[in-house]
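Order of appearance sets the numbers: ligands from 1, and atoms from 1 within every ligand. Quick caveat, the model's predicted, so the values are computed rather than measured.
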Amino acid sequence: MGTVTVKLVVVMMITVGLMVEGSRAISLCDMNDEGLEACKPSVTQPDPVDPTPQCCEALKGANLTCLCSYKNSMLLPSLGIDPTLAMGLPAKCSLDMPSDC
Ligand SMILES: *[C@@H]1O[C@H](CO)[C@@H](O)[C@H](O)[C@H]1NC(C)=O
């Protein structure tokens, strides 16, 4: 292997390591990293997309009451999530938000 290839492999290993480390930190209302990642394009500005089946599946297993409690919290924005989009997401998956949300 040439020097450039070795460097590339090292950089890739570090990147993967950081991604694993970073995603371990996010777990929200019974949604795992995978679910959060699947939903992220749907809850981030400026170009939110319709939720994917994977995202809806993850949302089905999420605690929506808990999600509700984050409506006015700074936690969602700090994760890059738009709270308004997040609150509207269950409806797009034909799920009901708790009535007292
Ligand atoms: C959902 O979250 C709420 C608020 O955090 C909590 O009180 C409730 O027990 C949770 N429900 C389930 C099914 O985990």
Scan the protein's non-hydrogen atoms and note whether one is under 4.0 Å from atom 14 (O) of ligand 1.
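At least one protein heavy atom is under 4.0 Å away.
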
Could you check whether atom 7 (O) of ligand 1 has a protein contact, counting only heavy atoms that fall below 4.0 angstrom?
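When distances to the protein are checked, atom 7 (O) of ligand 1 has no heavy atom within 4.0 Å.
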
Checking a contact table here: which protein heavy atom is nearest atom 5 (O) of ligand 1, and how many Å away?
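Result for atom 5 (O) of ligand 1: Cys66 CB, 3.9 Å.
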
Quick one: are Leu36 and Leu28 in side-chain contact, heavy atoms under 4.5 Å?
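Touching, per the 4.5 Å side-chain cut-off.
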
Tell me if a side-chain donor or acceptor on Ser42 pairs with a main-chain N or O of Val49 at a distance below 3.5 Å.
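Yes; judged by distance alone, with no hydrogens or angles, the pair exists.
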
Check the SG atoms of Cys93 against those of Cys55: under 2.5 Å or not?
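No, Cys55 does not link to Cys93 through a disulfide.
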
Should one rank Asp30, Thr65, Leu64, Asn63 by closest heavy-atom distance to atom 12 (C) of ligand 1, which comes out on top?
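Among Asp30, Thr65, Leu64, Asn63, the closest heavy atom to atom 12 (C) of ligand 1 belongs to Asn63.
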
Run through Asn63, Thr65, Leu64 and flag the one making a side chain to side chain contact (heavy atoms under 4.5 Å, CB included) with Leu67.
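Exactly one pass, corresponding to Leu64.
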
